[in-house]
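What follows is a set of notes on a single structure, which appears directly below.
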Number of protein chains: 2
Amino acid sequence: MNATQDCIVLLGDSLTEISWAPGGLAQRLAENYVRKLHVINLGLSGYNSEWAIPVFEQLLSKKEEQQYPYLRHAVSLSAVQSNLRRLVNMVKSPESPYYSPSTRVVLITPPPVNTHQWAEFQQSQDPPREQDRDNDKARQYADAVKEVGAMDGIPVVDVYTPLWEAAGQNERTLSKYLSDGLHLNADGYSFVYDGLLKVIADNYPEILPDKLNTVFEIWEPLGASDKPLEMLDKRSIFPSGK
Amino acid sequence: MNATQDCIVLLGDSLTEISWAPGGLAQRLAENYVRKLHVINLGLSGYNSEWAIPVFEQLLSKKEEQQYPYLRHAVSLSAVQSNLRRLVNMVKSPESPYYSPSTRVVLITPPPVNTHQWAEFQQSQDPPREQDRDNDKARQYADAVKEVGAMDGIPVVDVYTPLWEAAGQNERTLSKYLSDGLHLNADGYSFVYDGLLKVIADNYPEILPDKLNTVFEIWEPLGASDKPLEMLDKRSIFPSGK
């Protein structure tokens with residue numbers, strides 16, 4: 001199939017993968033960008049930032065035969081930062097073979113964790129599983145993402161802080177926004193979606209949904225025209241035509 | 001961006017375009033096919049089947065310079081059938097430049113119309129609009145779609161009949177399934193989604209969501225492996241590897 005529209009590509013873990021659910025980030029973006037930008041959900045449940053790199057390379061270009069160093073499942077904070085910077089610079093660095101100056105990059109922090117709720121959920125599994133999360137760690141990862149944004153000049157949606165504040169800095173209260181202590185429910189995704197639209201408005205206002213044309217003309221002028229079939233060429237989503 | 005996944009392409013009118021809403025057809029498909037098939041919503045509100053042809057040609061291939069005959073907004077039943085057959089045969093006919101034998105085609109009929117509900121909705125517009133629909137006409141279009149399916153051997157999801165029966169063959173009762181008398185609500189889309197999955201099970205069982213691999217390996221075997229980065233090549237969604 002030909003690419004008739006550019007894409008919003010969501011690269012992430014399970015919080016991204018499950019966000020096609022009603023009220024999820026992908027669902028909200030797809031609904032609001034319909035006929036303007038496709039939404040490609042590349043959420044990969046349980047993946048770490050190192051595994052994301054070869055996947056991203058296959059997404060961005062023909063697969064290149066490369067070897068990668070062995071790594072464990074857990075990725076250190078410094079590794080997360082270097083992996084994130086590597087992912088960002090794949091498209092932002094003029095030296096990169098994947099350089100794409102028209103690609104707008106936004107980083108999104110992880111949300112806080114309700115370890116009590118997560119412990120219950122893990123216990124309810126068959127077989128029961130250990131509570132394996134730490135909210136301080138989640139905050140450190142959120143800070144690491146914000147540091148990468150500051151270092152590389154990439155706008156960041158801080159999901160951690162407003163959710164943590166909305167919960168009165170109380171882990172148990174986070175259950176209002178989390179389905180299992182770790183993953184967001186629709187109310188939790190509201191913070192992600194609203195934060196993302198705010199970052200777009202502040203940094204990339206030209207791609208706000210209402211600023212974009214549909215790729216194909218809307219029907220009213222077609223219905224009013226004597227020659228509708230001559231008005232059906234794919235067009236730029238940017239009113240300026242650029 | 002590289003195509004890392006094949007696509008489910010939804011070509012239709014406003015009922016398709018708005019189906020990214022929670023419970024809509026596109027949302028349900030995207031949620032159930034995540035990491036297996038992308039969902040491309042090409043719904044074009046208010047478009048007729050003739051306008052769909054040049055759009056579909058741009059979707060399927062580089063735009064070809066062609067001229068099309070002038071036509072009115074209203075498209076006759078026979079024109080709908082010939083346009084539908086033309087669209088289907090673009091991918092199904094070995095003589096077509098767009099021939100794609102691996103593409104699975106499904107036709108979906110329009111739903112019945114609640115003209116009383118639609119009249120109220122049109123009246124509530126500013127300025128008020130006329131009630132311009134006819135449920136018998138909707139049935140005729142549904143029958144026309146079923147005839148094309150029978151003629152060209154394409155499976156059809158009949159949305160009209162089960163919705164009409166569920167409403168006790170009473171237009172007013174259709175408001176349970178229609179948001180405005182013309183467009184489906186989430187309960188209405190259940191008939192479309194369930195009917196589509198039934199058609200897939202009966203005609204293309206190999207692409208049922210549970211029969212497909214994710215394009216990239218799930219995380220558990222990666223986490224258990226000494227060499228996860230060697231397991232991250234894009235793979236076929238078909239377990240047979242074909």
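Every chain is numbered from 1 and lettered A, B, ... according to where its sequence line falls, protein lines coming before strand lines. Since we're looking at a predicted model, the values are computed, not measured.
Judged as a salt bridge (Lys or Arg N to Asp or Glu O under 4.0 Å), not a single pair has a partner in residues 87-102 of chain B (not counting sequence neighbours). Sorted by first then second residue, the salt bridge (Lys or Arg N to Asp or Glu O under 4.0 Å) pairs that include residues 209-220 of chain A, not counting sequence neighbours, are A/Glu217-A/Arg235.
Applying the 6.0 Å contact sphere to CD of A/Glu130 captures no more than 12 heavy atoms from other residues, nucleotides or ligands.
Here B/His38 contributes atom NE2 and A/Leu42 contributes atom CG; the two are 7.0 Å apart, rounded to the nearest 0.5 Å.
Residues of residues 14-26 of chain A that come within less than 4.5 angstrom of chain B, heavy atom to heavy atom, are A/Glu17, A/Trp20, A/Ala21, A/Pro22, A/Gly23 in numerical order.
Contacts of A/Phe121 classified as ring-ring contact (aromatic ring centres under 6.0 Å, His included), with partners at least two apart in sequence or in another chain: A/Trp118.
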